[in-house]
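First comes the structure, then the notes that go with it.
The analysis underlying the following values was restricted to heavy atoms, covering all of them including side chains, and did not include hydrogens, waters or symmetry mates.
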Amino acid sequence: MFDLPSGFPQPKVASDDPMSEAKVALGRQLFYDQRVAFNGQGSCVSCHEQRLAFSDGRVTAIGPAGDVHPRNAMSLTNAVYNSRQNWANPNIKTLREQALVVLLNQDPVELGWQGHEQTILDRLRADADYQARFKSAFPDQGEPFTLDNVARALAAFTATLISGRSAYDRYHDPTTPDRTAMSDAARRGEALFFSEQLECNHCHNGFNLANSVVHAGSKLDSTEYKNNALYNIAGPASGYPLDSGNYPTRNQGLYEFTLKAGDMGRFRPPTLRNIALTAPYMHDGSIASLRELIVDHYAKGGRVISEGAYAGDGSKSPNKDALMIGFTISEEEVDDLLAFFDTLTDWEFICDPRHADPFGKIPMNEHCKVAGS
Ligand code: HEC
Ligand code: HEC
């Protein structure tokens, strides 16, 4: 069921929710079907496009009803391996739970199923193609058209979005390494990324370049939330005392769930696979480019915002992680790091027809045409 890249562990699958080809195929259809939104004008693809590694290119997401989401739409790259889903929600573990949130969410409205559940299910039921698909995906059920089954099918498809065939992976393939896959610059960038000077790997580590992973063989919960000093709202315009480490309302990370002061601004470090395709960056899309992210944020040990309601120096936040120490970096080293990030783009994944729009309407990445011709 899973087409695993070399060296990738078997994903964890709930025993009461086994994977099947029929479920994945149904999930793919639903993922792209605009009729899945309450108003017939959106689905998962509204915010997760394959050409952008299943992100949306916007600063923060916009729902089919026009609701603005406070967060940046995440890449779905390897989401099946996340020990927790979302930027900072400790309560959502599985892809099925995540799909239910999106379907039912009222604040903001995403797919708007609340109060429209039967209408949407009737809409799907009226389609002969879905009649066959729901029956084969859930063969033991008399009435397979349910909210929960829609979520299960969407989760099964999302679980197959596994990416591990980038140039970086080919270079490091344990059995047949391709030593031409990375340039010297990209190799130097990789060494920098994993160096004690930059400390990046302490928060973005392992096969998924993300710490909070789970797979079939996991024994421990490795979930980690970190404050990477993006905000330290302080001063008269904000109403907060100096250097109190505050983050903007609705984007305060783990704190929103625990209300512990030390959890202010703690988010889950996400995977850096396919990162060159998922701009803008961070939970609120507030960093436009990877160059800016290295030079103006990480190198300074935190971001400085000099004016406006969010003014403050992130590097002075009392909540920032001890690893956020800052570093000096030359222009050439920045270029090397960017070359390394480019090698994390997995074109096989981005151009994989198994993940693409079955209705053939959503454009593929330009690069896929070149690769396919
Ligand atoms: C309105 C835009 C929007 C739509 C529609 C949408 N998403 Fe998302 N998605 C987001 C945003 C924003 C986040 C980050 C949310 C957060 O952290 O609070 C996200 C996060 C996720 C994650 C977590 C990824 C990770 O690495 O933690 C998964 C999985 C996901 N979405 C799947 C789906 C599926 C499946 C659908 C369709 C049922 C869907 N999304 C529809 C915007 C959207
Ligand atoms: C202390 C832990 C920590 C360290 C060290 C760290 N990061 Fe991060 N990183 C995070 C967290 C947490 C986020 C998400 C923060 C947010 O959204 O507010 C993040 C986000 C990112 C993102 C944006 C991801 C996205 O999808 O938008 C990139 C790129 C990134 N880090 C690269 C790096 C690089 C390069 C380094 C080394 C210079 C590094 N990180 C060091 C914790 C860390």
Under 3.5 Å, which donor-acceptor pairs link side chains of residues 158-166 to any protein atom two or more places apart or in another chain?
from	atom 1	to	atom 2	distance (Å)
Thr158	OG1	Leu154	O	2.7
Thr160	OG1	Phe157	O	2.6
Ser163	OG	Asn274	ND2	3.2
Ser163	OG	Asp346	OD2	2.9
Arg165	NH2	Asp3	OD1	3.1
Arg165	NH2	Leu4	O	3.4
Ser166	OG	Tyr168	N	3.4
Ser166	OG	Asp169	N	3.3
Ser166	OG	Asp169	OD2	2.6
Ser166	OG	Thr343	O	3.3

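- Here the closest non-hydrogen pair linking Pro280 and Val59 is CG-CA, 3.6 Å.
- In the hydrophobic clustering, where aliphatic and aromatic side chains (Ile, Leu, Val, Met, Phe, Trp, Tyr) are joined below 4.5 Å either directly or transitively, Tyr225 groups with Leu254.
- Aromatic ring centres of Phe2 and Phe8: separated by at least 6.0 Å.
- Taking all atoms of both residues into account, the shortest heavy-atom contact from Asp313 to Asn232 is O-ND2, 2.9 Å.
- Applying the side-chain contact (heavy atoms from CB on, under 4.5 Å) rule to Arg250 yields the partners Pro70, Asp107, Pro108; only residues at least two apart in sequence or on another chain are considered.
- With Arg266 contributing its side chain and Tyr255 its backbone, the two residues share no donor-acceptor pair below 3.5 Å.
- Among residues at least two apart or in separate chains, ring-ring contact (aromatic ring centres under 6.0 Å, His included) pairs with a member in residues 87-124 are Phe38-His116.
- With 3.5 Å as the limit, one finds no donor-acceptor pair spanning the side chains of Asn78 and Thr271.
- Considering every non-hydrogen atom in both Ala156 and Val24, the closest pair reads O-CG2, 3.8 Å.
- In Asn91, the CG atom is crowded: over 12 heavy atoms of neighbouring residues, nucleotides or ligands sit closer than 6.0 Å.
- In this structure, the salt bridge (Lys or Arg N to Asp or Glu O under 4.0 Å) partners of Arg35, at least two apart in sequence or on a different chain, are Asp33, Asp127.
- Lys135 pairs by the salt bridge (Lys or Arg N to Asp or Glu O under 4.0 Å) definition with nothing, not counting sequence neighbours.
- Between the Asp173 side chain and the Thr176 main chain, a donor and an acceptor come within less than 3.5 Å of each other.
- In this structure Phe138 satisfies the ring-ring contact (aromatic ring centres under 6.0 Å, His included) test with no other residue, sequence neighbours excluded.
- A salt bridge does not link Asp184 with Arg187: every distance from a Lys NZ or Arg NE/NH1/NH2 to an Asp or Glu carboxylate oxygen is 4.0 Å or more.
- Remark: side-chain polar atoms of Gln114 are paired, donor with acceptor, to backbone N or O of Leu104 under 3.5 angstrom.
- Hydrophobic clustering (side-chain heavy atoms under 4.5 Å, transitive across Ile, Leu, Val, Met, Phe, Trp, Tyr) groups Tyr281 together with Tyr310.
- Cation-pi geometry between Arg179 and Tyr171 is met: the NZ or CZ atom falls under 6.0 Å from the ring centre, inside 45° of the normal.
- A donor-acceptor contact shorter than 3.5 Å links the side chain of Gln131 to the backbone of Arg125.
- Partners of Lys12 under the salt bridge (Lys or Arg N to Asp or Glu O under 4.0 Å) rule, at least two apart in sequence or in another chain, do not exist in this structure.
- In terms of the ring-ring contact (aromatic ring centres under 6.0 Å, His included) criterion, residue partners of His283 (sequence neighbours excluded) are, by chain and number, Phe267.
- Side chain of Gln85 to backbone of Ala99: no donor-acceptor contact under 3.5 angstrom is found.
- Counting heavy-atom neighbours within 6.0 Å of Glu307 CD, excluding the residue itself, gives a total of 12 or less.
- Of all non-hydrogen atoms in Val150 and Leu103, the two that sit nearest each other are CG1-CD1, 4.1 Å.
- Residues passing the ring-ring contact (aromatic ring centres under 6.0 Å, His included) test with Trp347, sequence neighbours excluded: His367.
- Proximity of a side-chain donor or acceptor of His297 to a complementary backbone N or O of Glu292 within less than 3.5 Å is not detected.
- No donor-acceptor distance shorter than 3.5 angstrom exists from the side chain of Ser212 to the backbone of Asn82, with no hydrogens or angles considered.
- At a cut-off of 3.5 Å, with distance as the only test, a side-chain donor of Arg303 or Tyr231 sits close to an acceptor on the other residue.
- When atom types are taken as modelled, the side chain of Asn211 and the backbone of His202 share a donor-acceptor pair closer than 3.5 angstrom.
- Thr146 and Asp148 share no donor-acceptor pair across their side chains, judged by distance under 3.5 Å alone.
- Using a 4.5 Å cut-off between side-chain heavy atoms of Ile, Leu, Val, Met, Phe, Trp and Tyr, with links allowed through other members, Val334 and Ile325 fall into different hydrophobic clusters.
- The shortest non-hydrogen separation linking Ser218 to His215 is OG-N, 2.7 Å.
- Between Tyr247 and Asp284, the side chains place no donor N or O within less than 3.5 Å of an acceptor N or O (distance only, hydrogens not considered).
- Every pair passing side-chain hydrogen bond (donor to acceptor under 3.5 Å, both in side chains) that includes a residue from residues 58-67 is listed here, sequence neighbours excluded: Asp56-Arg58.
- Judged purely by distance below 3.5 Å, without hydrogens or angles, the side chains of Gln98 and Asn86 pair a donor atom with an acceptor atom.
- Here the closest heavy-atom approach between residue Lys300 and residue Val295 is recorded as CG-O, 3.7 Å.
- In this structure, the side chain of Gln34 engages the main chain of Gly42 through a donor-acceptor pair within 3.5 Å.
- In the hydrophobic clustering (ILVMFWY side chains linked at under 4.5 Å, chained through shared members), Ile92 is joined by Val101.
- When atom types are taken as modelled, the side chain of Ser222 and the backbone of Val213 share a donor-acceptor pair closer than 3.5 angstrom.
- With no hydrogens or angles considered, a side-chain donor-acceptor pair links Ser244 and Asn246 at under 3.5 Å.
- Ring pair Phe359/Tyr32: centre-to-centre distance not below 6.0 Å.
- Salt-bridge check for Arg291 with Glu331: passed, with a basic side-chain N closer than 4.0 Å to an acidic carboxylate O.
- Salt bridge present: Arg71 and Glu256 bring a charged side-chain N and a carboxylate O closer than 4.0 Å.
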